[in-house]
Amino acid sequence: MAVAKKHEEVMELAKRRGFIWPSFEIYGGVAGFYDFGPLGALLKNKIIQKWREFYVVREGFFEIDSPSIVPEEVLRASGHVDHFVDAMVECQKCRSAFRVVDLVLEQTGKGIEGMSKEEMDRFVKEHKVRCSDCGGELGKIFDFNAMFRTAIGPGSQRVGYLRPETAQGIFIDFKRLQRYARGKLPFGVVQIGKGYRNEISPRQGIIRLREFTMAEAEVFFDPEDPHHPRFSEMAGEQLRLWRACDQIKDREQLTETTVEQAVERKVVCNELMAYYLALTKRFLIDLGIPNGVIRFREQTPGQRAHYSSETWDAEVSTERFGWVEVAGLAYRTDYDLSRHAQFSKEDMTIFSADKKRKVLCHVVEPSYGIDRPFYCLLEHSYVSEKERKYLRLKKELAPIEVGVFPLLNRAGMPEKAREVLEGLKSRGFMVEYDDAGSIGRRYARADEVGTPYCVTIDHRTLEEDTLTVRDRDATSQVRVKIEELPRVLRSLLCDEIPFSEAGEPVKKRSES
RNA sequence: GCGGCAGUAGUCUAGCUUGGUUAUGACACGAGCUUGCCAAGCUCGCGACGCGGGUUCGAAUCCCGCCUGCCGCACCA
C-alpha cells in the first residue's frame, strides 16, 4: 500500500483539481475511458504543443488530420482486420482464455492461421487440444475483435472501424504527400489524434485506455539511403538500451551506448531509427521526465506488431505501474505502402530524381501516446514535503502560468489586482485570480497545480506601482515594477533569467 | 472475460458483524468577518449511502443482478 502512495495522492489531486477523472461517472462509468478536466486539457495541449515543436517545427514534418472512422478495406490492406481479430477459446474448467492459434501451435506444432472458426473447432476436437494450464475441456471458439466496429451510412451498411492507429491515414495519403514534398527524401508526415482499441480488460487507469490520443510520425526514406541529414547533431547522445537478445536470455542487462555506436555495432538497424530514439529521449527530458527513469526496450520478435521488423519502446519508470511504454519506434519497412499498393492497385513508388529510378519507400515510425507521458509527468512532478505538496512541472508546461492575488480584500487592492490581471491576460498569459482565504492558502492552491509564479498586490503596490512575484519551487519573492511585470514573467517562463535577478529580493518575515 | 475483495459529500472517513431517531468526523469548497505575505481563527452555508431489483412494518446495513475499482489469471498486435 505504501508502495503506491504517491500514485494515490497524485490521482486524488488530479481528480480534485480538475486534471483527469473517469468518464461517464454519473452513469456508473465505463472502464478504459477518462475525461481531461480544465487543467488536464491545458496540460495535455501543452504536451502536444511541445511534440509539435519537435516534429513539425524542428524536423519539418507535415501535419495532416484524417478521419477516425476508416472503411474496412483500408484495415484489411494494413493487416489490422486479420491481426486484430483473435479467435479465442476458454477452458471450461479453469476459465483460462487462449488464442486458439497459439494453443494449437504449442500442442500440435501446426499453424492454423487463416482457418474459419468452424474449421478451427473441428481441428481442436480432432487433435484433442486441451487447456494448457489444467488440461481441462475447451469451450466453443469465439472471436475477440480489438477494433471498434461500426457501420458507415444507412442502407448498404458499409463496415467501418474506429482507427486503431492514426498512421494509416498517412499511408493512404502517400501519393499526395510525396507530391507535396516534391519528391524529396527523406520526408516525414505526422498526425495527432484519437486512436481506439477495445481492450479486453483495461486496468491501470489512464495507462491503458480504450480511446487515447496518439502522436505519430511516419518517416519515408529510400531503403538504400537510411540517413538523417542532421544525424551528426545526435550522434553523441547516450542511449540506455535493453536489447531483445538479453531479454530472451532473461538478462536485465542494459547496454549504454551513443547513438553513433548503436548504429555502427548494428544494435539499432539504421541511422534513422537511432536518430529518433535519441530525439524521443530528448523530448521526454524536455517534458521534465528525469533521464534516469528513461530506457529503450527492444521488442522481441514475438512481441512485435505484424508490420514491424524492429521495434524499440521508450519506457519510463513509474512508482505505480513499473516501466511504462510511452512511445514505440517501429521499422515498418515497405510493409504498409506495398500492401496498399497491392490492395488499391495504385502505384505507391516515388521517382528519385538523383538516383534516376523508382523507389518504394521504407518507413521508420516514432509513435507516441500522449496520455501515458501525461501520467508519468504528474507522478514525476509530484513533490510531497512536510507541509507542502505541489507539482514541480516545467514552467512552460504548467496549465496556469501566473496567479494574481490581492494581499487584502480592501483598501483598493482587489481593484489594482484586477488591473494587473487584465494587463497580463491581454498579453497572452494564462492567469488565475484568487482572493479567497489567507494569502498562504492561495499560494498553496497555486502550488498544488504547478503554477510557477504568483504575483501579489500589497500596500506598496498602491504607493509605488511595484508588486511581489513568488517562485513556486523556492517560495522566495522578488519585487518588480508593474510596467516591467510582463517582460519579467516572460523571461522567467522562458528560463532566460534566474529568479534572483528578476527583481529586488523580498525578505521573508520569518527571516527578519 | 474468469475468481476473490470492495464502493458512504469534491477528498479521506465512522456506521455494516447484530436492519430501527435528523448518517459521524476531518479536510476542501462558498458567503461574511478577520487577516499587512506562505494551508491561522470565528460565524453561517453547500454537500453523500454506485445503479437497479428483492426480503422486511422498516435497508447504508441482509440477498440477487449490473456498473466501477483493487488483487490474481488471461489479454495488451
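Keep in mind the model is a prediction, meaning the values are calculated, not measured. Per chain, numbering begins at 1; letters A, B, ... match sequence-line order.
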Any donor-acceptor pair under 3.5 Å between the side chain of Arg470(A) and the base of C38(B)?
yes

Partner nucleotide, any strand, of G20(B) [Watson-Crick/G-U, under 3.5 Å]:
C57(B)

Residues Arg17(A) and Glu448(A) bridged, charged N to O under 4.0 Å
yes

Ring-face cation of Arg295(A) near Trp323(A) (centre distance under 6.0 Å, axis angle within 45°):
yes

With a 6.0 Å cut-off on ring centres, are Tyr375(A) and His7(A) close enough?
yes

Using a strict threshold of under 4.0 Å (side-chain N to carboxylate O), is an ion pair present between Asp473(A) and Lys395(A)?
no

C37(B) pairs with, by Watson-Crick or G-U criteria that keep both distances under 3.5 Å
none

Review item, nucleotides 44-47 of chain B N/O atoms under 3.5 Å of protein N/O:
none

Mind checking if Ser308(A) touches a base, just sugar-phosphate, or nothing, with heavy atoms under 4.0 Å?
nothing

All N/O contacts under 3.5 Å from nucleotides 7-13 of chain B to the protein, with atom names and distances to one decimal?
from   : atom 1 : to       : atom 2 : distance (Å)
U11(B) : O2'    : Glu12(A) : OE2    : 3.0

For nucleotides A60(B) and C51(B), find the distance between their P atoms and express it as a whole number of Å.
11 Å

Considering every strand shown, what is the Watson-Crick or G-U wobble mate of U43(B) when both distances are under 3.5 Å?
A31(B)

Specify the residue among Arg410(A) and Pro202(A) whose closest nucleotide of RNA chain B lies further upstream toward the 5′ end.
Arg410(A)

Using a heavy-atom cut-off of under 4.0 Å over every strand shown, decide if Asn409(A) touches base, sugar-phosphate, or nothing.
base

Tell me what Arg304(A) touches on the nucleic acid: a base, only sugar-phosphate, or nothing, going by heavy atoms under 4.0 Å.
sugar-phosphate

Classify Arg388(A) by what it touches in the nucleic acid, base, sugar-phosphate, or nothing, heavy-atom distance under 4.0 Å.
nothing

First of Ala31(A) and Arg208(A) reached from the 5' end of RNA chain B, by closest nucleotide:
Ala31(A)

Sort out the partner of C12(B) for me: Watson-Crick or G-U wobble, both distances under 3.5 Å, none otherwise.
G25(B)

Output every pair passing salt bridge (Lys or Arg N to Asp or Glu O under 4.0 Å) with a member in residues 408-417 of chain A, not counting sequence neighbours, ordered by first then second residue.
Lys416(A)-Glu419(A), Lys416(A)-Asp465(A)

Does Gln477(A) contact C37(B) through a side-chain donor or acceptor facing the base, at a distance under 3.5 Å?
yes

Re C5(B): Watson-Crick or G-U wobble partner, both distances kept under 3.5 Å, found to be G69(B)

Salt-bridge criterion met for Glu216(A) and Arg332(A) (N-O under 4.0 Å)
no

Assess whether a salt bridge exists between Glu422(A) and Lys425(A), defined as any Lys/Arg side-chain N lying under 4.0 Å from an Asp/Glu carboxylate O.
yes

Determine whether any donor atom in the side chain of Tyr443(A) lies under 3.5 Å from an acceptor atom in the base of C37(B), or the reverse, and answer yes or no.
yes

